[in-house]
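Here is the structure we will look at.
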There are 2 protein chains.
Amino acid sequence: MRSPQAKRERQTIHDLASIAGVSISTASKALNDTGRMGEETRERVKRIAREIGFRPNALAQGLLSKRSFTIGLLTNDTYGRFTLPVMAGVSEALVDRGVSVFLCAIEDDPALGQVHVEAMLDKQVDGIIATGKRVDRCLPIDLSNVPVPVVYAFTEGGPDSVSFRSDDAQGARLAIEWLQASGRRRIVHVTGPEAFFSVRERCGAFRAVAGEDAVALFGEWSETWGRDAVEQIWASEGEKPDALFCGNDQIARGTVDALRERGLRVPDDVAVIGFDNWEIVAGQMRPPLTSIDMELKELGRQAGRTILALAEGQVVEPGVRTLPCRLVVRQSCGGRNSLEARSLEDEKQRR
Amino acid sequence: MRSPQAKRERQTIHDLASIAGVSISTASKALNDTGRMGEETRERVKRIAREIGFRPNALAQGLLSKRSFTIGLLTNDTYGRFTLPVMAGVSEALVDRGVSVFLCAIEDDPALGQVHVEAMLDKQVDGIIATGKRVDRCLPIDLSNVPVPVVYAFTEGGPDSVSFRSDDAQGARLAIEWLQASGRRRIVHVTGPEAFFSVRERCGAFRAVAGEDAVALFGEWSETWGRDAVEQIWASEGEKPDALFCGNDQIARGTVDALRERGLRVPDDVAVIGFDNWEIVAGQMRPPLTSIDMELKELGRQAGRTILALAEGQVVEPGVRTLPCRLVVRQSCGGRNSLEARSLEDEKQRR
DNA sequence: GTCAAATGAGAAAACGTTTTCTCAAACATT
DNA sequence: AATGTTTGAGAAAACGTTTTCTCATTTGAC
């Protein structure tokens with residue numbers, strides 16, 4: 001015995017029309033508030049549509065309108081650390097416009113990328129957002145000749161493309177200025193490989209604010225490097241730093257662990273600030289880590305809004321758009337003060 | 001001046017037919033290897049299709065065939081730690097069958113979930129995979145009356161649903177047996193809140209193998225709890241454990257840090273084994289953590305294959321399917337021996 | 001009471017496929 | 001030579017919408 005809500009075929013506009021006793025053209029016009037008809041007819045059709053739970057078939061609509069209300073999100077960031085927030089932002093910006101997102105994970109495999117892109121184009125996506133794990137690397141697939149608009153988020157786009165990334169220099173300034181404002185004067189920058197664009201960008205800003213002769217140490221993006229860097233600094237001659245600005249939260253964690261093992265107190269003896277605001281690392285540390293958030297979700301939102309605009313035929317100036325980073329204050333840079341409290345307040349409100 | 005590859009309208013089967021000098025019905029039959037026609041005609045149509053890069057419009061195909069070659073993936077795991085591998089597996093199982101995946105992140109918001117589900121149904125998805133961050137919680141939305149097949153992966157399904165989760169008991173046994181095989185006799189289980197099904201399941205297996213009077217401590221899923229647990233154990237009377245079996249890798253990390261700070265060596269004095277095999281935690285620890293991998297990607301693959309089978313109309317026995325976990329040996333449980341080497345070898349091959 | 005304009009609603013074409021049906025030509029059987 | 005059978009290919013319907021066009025009826029003006 002089938003329950004009344006058992007799986008059943010979807011109602012079509014033909015069903016709606018015959019139940020309402022009108023033609024399908026009238027039904028369509030009633031629902032879309034177009035055409036001419038009596039107000040009572042329009043209302044009756046709409047009411048019946050609501051009652052039988054009619055929803056138009058998007059495939060049929062798309063066939064006619066050349067818009068599928070679907071976009072593709074291409075990523076090679078399997079681990080998802082950067083991609084996930086971007087994705088969440090994209091989805092958030094699009095869902096209430098009725099646009100759904102195809103997720104395509106292409107593990108740096110050009111052939112797989114090609115397969116995904118073709119599958120998306122077959123499904124008539126209105127646009128593609130490309131995203132990655134590094135702003136200075138392209139995806140392993142050329143999107144410049146794809147017949148739909150493309151925007152790049154947190155990955156390198158082609159010459160005439162629209163792309164979004166966070167403002168590394170501004171983020172770095174935010175960090176340094178915060179350390180200086182809390183009285184730190186001897187700041188050392190412990191960061192990732194110099195080959196990364198972000199590293200050079202942040203380092204440039206660091207030197208511009210902290211002084212051209214300020215020390216920057218390049219290594220890998222790991223806790224181990226953070227620990228090694230502390231060993232290296234404290235083993236060397238001369239005055240020791242009273243603050244470390246780290247290239248990411250994992251390096252920061254390594255430095256904090258090493259400092260603690262040396263008997264140095266964070267933040268009393270040395271303040272530490274990270275980058276990425278990776279909750280799972282920064283929040284679990286002792287003490288919790290003050291860090292720079294790249295606002296990737298906002299980046300995703302903007303990418304989403306932009307692809308939508310392009311899909312609707314608006315013209316968008318090509319070029320790189322940088323988004324400001326945000327300081328998230330925890331306890332690794334000094335006691336809780338009014339400024340901190342305010343910042344924490346901010347963060348709560350964003351949730 | 002437009003380059004020859006500049007964005008242009010997609011070719012339709014009408015274009016193909018007129019270029020090949022046949023009717024659209026002949027063109028369609030040629031491409032699909034159906035119908036009757038001369039072999040040379042068929043080959044010519046196929047060749048021209050290849051030359052002009054013809055690809056059929058999936059919307060039109062879907063309209064007729066009632067299959068959109070599209071499925072929806074619903075998740076409330078915003079952080080993505082569990083969802084991401086599942087997603088990767090799903091995608092992997094489906095992409096070469098031409099099926100694309102809509103990603104819907106519904107932040108525990110029933111209204112948002114409803115919106116996403118309706119958008120997916122409008123787009124005529126062939127099925128829905130629901131996934132979450134906890135096997136004993138439902139998504140905040142009822143999928144039992146949805147007109148397409150649903151499978152649940154790493155989340156609680158309804159009574160007559162098809163669902164997949166990893167075998168927590170078997171995973172726990174794997175851990176305990178490994179510790180026992182390396183000579184450990186006094187094993188303590190430090191794990192998460194007892195309210196979690198997984199916790200009870202693993203704890204049951206732990207007691208079954210290690211003895212009904214073996215000690216299990218429940219707390220939260222945090223490093224802090226791991227550290228506290230070590231304090232608690234070493235502060236109490238009686239013989240100390242020579243091994244800790246932790247409920248997840250973060251707890252394990254906390255215990256290892258606390259043990260080191262107490263001057264205890266891992267693995268020489270105490271062996272530690274984690275759960276989840278979260279590369280980013282387990283791999284960065286000192287020493288790297290031996291852990292139990294829930295094989296979530298495989299879980300995703302199976303969920304993908306299953307939803308495909310259901311979409312094709314096959315019948316699938318409802319019920320819960322559990323998948324075996326895998327031991328990943330690193331250095332936190334004892335020296336590198338032949339068994340370990342073999343296991344590491346295994347892992348490499350899987351890559 | 002005649003004619004133009006406005007109103008309400010339906011018929012039909014279109015979107016890009018697949019599939020069923022039809023039909024002429026070629027071929028094979030007596 | 002008359003008949004049946006096979007072959008190759010096209011015409012048309014169908015999928016579920018939206019949109020344009022057509023047309024009868026009503027309304028308003030004189």
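Lettering follows sequence order; numbering is per chain, from 1.
At the heavy-atom level, B/Thr41 lies under 4.0 Å from the strands shown only through sugar-phosphate atoms.
In terms of phosphate contacts, B/Asn32 brings a side-chain nitrogen or oxygen within less than 4.0 Å of OP1 or OP2 of C/dT18. Contact between the side-chain N/O atoms of A/Ser23 and the OP1/OP2 oxygens of C/dG10 is found at a separation under 4.0 Å. Within the 4.0 Å cut-off from OP1 or OP2 of C/dT17, not a single side-chain nitrogen or oxygen of B/Ser65 is found.
At a cut-off of 3.5 angstrom, the base of D/dA9 holds no donor-acceptor pair with the side chain of B/Ser25. At a cut-off of 3.5 angstrom, counting only N and O atoms as typed in the model, there is no donor on one side facing an acceptor on the other between the side-chain of A/Lys29 and the base of C/dG8.
Looking only at atom types and distance, the side chain of A/Lys133 has no donor-acceptor partner in the side chain of A/Thr83 under 3.5 Å away. No side-chain donor-acceptor contact under 3.5 Å links A/Asp77 and A/Thr75.
Shortest non-hydrogen contact noted between A/Leu299 and A/Phe154 is CD2-N, 4.1 Å. The two atoms that bring A/Ser91 and A/Val101 nearest to each other are CA-CG2, 4.4 Å, heavy atoms only.
In terms of position along DNA chain C, the nucleotide closest to A/Met37 lies nearer the 5' end than the nucleotide closest to the other residue of the pair A/Ile24 and A/Met37.
Separating the CG atom of A/Leu59 from the P atom of C/dT18 is a distance of 14 Å, rounded to the nearest angstrom. Look at CG on B/Asn57: it is 18 Å from P on C/dA14, rounded to the nearest Å. Between the CG atom of B/Leu63 and the P atom of C/dT19 there is a distance of 13 Å, given to the nearest Å. The CD atom of A/Glu39 sits 11 Å away from the P atom of C/dA9 (whole-angstrom rounding). Atom CG in B/Asp33 sits about 12 Å away from atom P in C/dT19, given to the nearest Å. For B/Arg67 and C/dT19, the CZ to C1' distance is 18 Å, given to the nearest whole Å. In this structure, B/Asp15 places its CG atom 13 Å from C1' of C/dC15, rounding to the nearest Å. In this structure, the CD1 atom of A/Ile13 is 12 Å from the C1' atom of D/dT19, given to the nearest Å.
Among D/dT17, D/dA14, C/dG8, the nucleotide with an atom closest to any side-chain atom of A/His14 is D/dT17. Nearest to the side-chain atoms of A/Arg36 among the listed nucleotides C/dG10, C/dT17, C/dT7 stands C/dT7. Side-chain atoms of A/Gln61 lie closest to D/dT17 of the nucleotides D/dT17, C/dT17, C/dA9. Between C/dT17, C/dT18, D/dT17, one nucleotide has an atom nearer to the side chain of B/Ser28 than all others, and that is C/dT18. Here D/dC15 is the nucleotide among D/dT17, C/dA9, D/dC15 with the atom lying nearest to any side-chain atom of B/Leu64.
Contact check for A/Pro110 versus A/Ile141: no side-chain heavy atoms found under the 4.5 Å cut-off.
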